[in-house]
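What follows is one structure encoded as structure tokens, with my remarks underneath.
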Amino acid sequence: MPLLPGAEPFRHEGGEVGVLVCHGFTGSPQSVRPWADHLAERGLSVSLPLLPGHGTRWQDMQLTGWQDWYAEVDHALRELRERCSRVFVCGLSMGGALALRLAARHGDAVSGIVLVNPGNKVHGVAAKALPVVRHFVRSTKGIASDIAKPGSEEVGYDRVPLHAAHSLRRFFQLVDAELPQVTQPLLLMHSPEDHVVPPADSARILARVSSRDVTERLLENSYHVATLDHDAERIFADTYAFIGRLSGVGSEEGTAARG
């Protein structure tokens, strides 16, 4: 199947500091590409993989599960580690959950994590019915393009495949149990008004991780896909400043952008 416009994976060979960027459930690299571009333009090595089953049509995603999505980012992290002295992981939505699991399992190989509206749970009464309903109903309404900024759109599926949603629910449960193993510096940015992932998910993550270096920021002017929304430039600048503070690159620019 041909890829949707903007769904192509992205890699940039930069300096000794690497960044892995993870997109969200039913989304594509397009939703976080400006984030990746911002970091690449400042000399960092960047990897933005396309998760299996994403970026084509929702029917393709029915054949994939969390093991496939996690294996892709795990492989990308290992590749970055081969050529970079320090690696950071960034993630939007489910990409945030992928980042948290990488941090929990890889320990010191991950120098820090940046999360934007990270998912922690599939909410609603219907979620409990997924194990059964997915065998009778193939898909439900999509979740893409929850964006406040007029004219900004996310390239993602207009339907959510329920087999994949069931796998996502199991993955969230797995990651939630591993959160105490996350000890790396953490920058978590989330939107108070988010129609896909409620603020409760961010609150639970912050309460359960073992990280001591934790920064929480509110994205007051954005919905779920904040990397394409009004707060995007702030996300990019704060990410670069966070990485700079911990690695020694770029901290001056991030400080100036916040001022």
Side-chain angles (χ1 to χ4, degrees), residues 17-25 32 35 39 44 47 51 66-67 69-78 80-81 84-123 167-192 194 196-219 224 226-227 235 238-251 254 258:
V17 177
V19 185
L20 170 61
V21 182
C22 308
H23 71 77
F25 182 72
V32 289
W35 199 6
L39 300 172
L44 304 180
S47 176
L51 300 179
W66 74 260
Q67 296 92 338
W69 314 326
Y70 179 75
E72 186 70 25
V73 297
D74 184 83
H75 177 70
L77 175 65
R78 293 176 189 274
L80 273 176
R81 284 290 301 170
C84 296
S85 58
R86 306 196 73 178
V87 176
F88 296 81
V89 185
C90 303
L92 167 69
S93 194
M94 178 186 76
L98 291 169
L100 286 164
R101 186 158 208 251
L102 288 171
R105 295 180 66 87
H106 285 272
D108 292 342
V110 175
S111 295
I113 48 179
V114 182
L115 312 178
V116 174
N117 291 322
N120 176 259
K121 182 180 180 180
V122 176
H123 296 268
S167 185
L168 175 66
R169 181 171 181 255
R170 293 173 59 194
F171 180 61
F172 280 162
Q173 292 170 340
L174 177 67
V175 174
D176 186 70
E178 293 179 340
L179 287 178
Q181 300 173 38
V182 176
T183 60
Q184 295 87 342
L186 166 64
L187 170 60
L188 192 154
M189 298 175 273
H190 64 98
S191 306
D194 183 330
V196 177
V197 174
D201 284 29
S202 289
R204 181 167 177 85
I205 290 168
L206 290 169
R208 287 182 57 77
V209 296
S210 299
S211 306
R212 294 189 176 184
D213 182 344
V214 176
T215 304
E216 177 185 12
R217 295 211 171 98
L218 295 182
L219 305 172
H224 183 63
T227 47
I235 291 169
D238 284 357
T239 300
Y240 190 51
F242 174 79
I243 293 172
R245 175 170 66 83
L246 296 168
S247 68
V249 299
S251 56
R258 285 201 306 276

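None of the values given here were measured: they were computed from a predicted structure. Values below: all heavy atoms of this structure, side chains included; hydrogens, waters and symmetry mates excluded.
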Arg245 and Leu187, any side-chain heavy atoms less than 4.5 Å apart:
no

Carefully, step by step, assess Leu98 and Leu51 under the rule side-chain contact (heavy atoms from CB on, under 4.5 Å).
CA-CA 11 Å; Leu98 291 169; Leu51 300 179; 3.9 Å; yes

Answer whether the closest heavy-atom distance between the side chains of Ser167 and Gln67 falls below 4.5 Å.
yes

Tell me if a side-chain donor or acceptor on Ser211 pairs with a main-chain N or O of Pro185 at a distance below 3.5 Å.
no

Just so I know, are the side chains of Leu39 and Phe88 near enough to count as touching, which here means a heavy-atom distance under 4.5 Å?
no

Under the side chain to side chain contact (heavy atoms under 4.5 Å, CB included) test against Val73, which residue among Val89, Leu102, Val21 passes?
Leu102

Are there more than 12 heavy atoms of other residues, nucleotides or ligands under 6.0 Å from atom CZ of Arg81?
yes

Measuring from atom CZ of Arg217 to atom CG of Asp238, what distance do you get when rounded to the nearest 0.5 angstrom?
4.0 Å

Closest heavy-atom pair and its distance - Ser191, Asp194:
O-CB, 3.8 Å

State, with a plain yes or no, whether a side-chain heavy atom of Glu216 is found less than 4.5 Å away from one of His190.
yes

Do Phe25 and Ser93 make a side-chain contact, defined as non-hydrogen atoms from C-beta onward lying under 4.5 Å apart?
no

Only one of Lys121, Arg101, Arg170 passes side chain to side chain contact (heavy atoms under 4.5 Å, CB included) with Val175; say which it is.
Arg101

Could you report the tightest heavy-atom contact between Pro192 and Pro199, atom names first, then the distance?
O-CG, 3.6 Å

Inspect the contact between Arg204 and Asp176 and indicate whether a charged nitrogen and a carboxylate oxygen are less than 4.0 angstrom apart.
yes

Are side-chain heavy atoms of Val214 and Leu188 found at a separation under 4.5 Å?
no

What is the distance from atom CH2 of Trp69 to atom NE2 of His23, rounded to the nearest 0.5 Å?
10.5 Å

If we ignore hydrogens and angles and just use 3.5 Å, is the side chain of Asn117 paired with the main-chain N or O of Val197 as donor and acceptor?
no

For Asp201 and Pro118, work out which heavy atoms get closest and say how close.
CB-O, 3.6 Å

Least distance between heavy atoms, Ala97 atom then Gly119 atom
CB-O, 3.7 Å

Quick check for you: to the nearest 0.5 Å, what is the distance between Thr239 atom OG1 and Leu115 atom CG?
10.0 Å

Distance, nearest 0.5 Å, that separates CD of Gln173 from CG of Asn120
10.0 Å

Determine the minimum heavy-atom distance between Cys84 and Val17, stating which atoms define it.
SG-C, 4.1 Å

Validation row: Val32, Val116 side chains within 4.5 angstrom (heavy atoms)
no

Intermediate values then yes/no, side-chain contact (heavy atoms from CB on, under 4.5 Å), Ile113 and Val182:
CA-CA 10 Å; Ile113 48 179; Val182 176; 3.8 Å; yes

Going by the angle between their ring planes, with limits at 30° and 60°, are Phe171 and Tyr70 parallel, tilted or perpendicular?
tilted

Atom pair CD1/CG of Ile205 and Leu186 - distance to nearest 0.5 Å:
8.5 Å

Evaluate the side-chain proximity of Ser111 to Gln184: yes if any heavy-atom separation is below 4.5 Å, no if none is.
no

Roughly how far, to the nearest 0.5 Å, is the SG atom of Cys90 from the CE atom of Met189?
7.5 Å

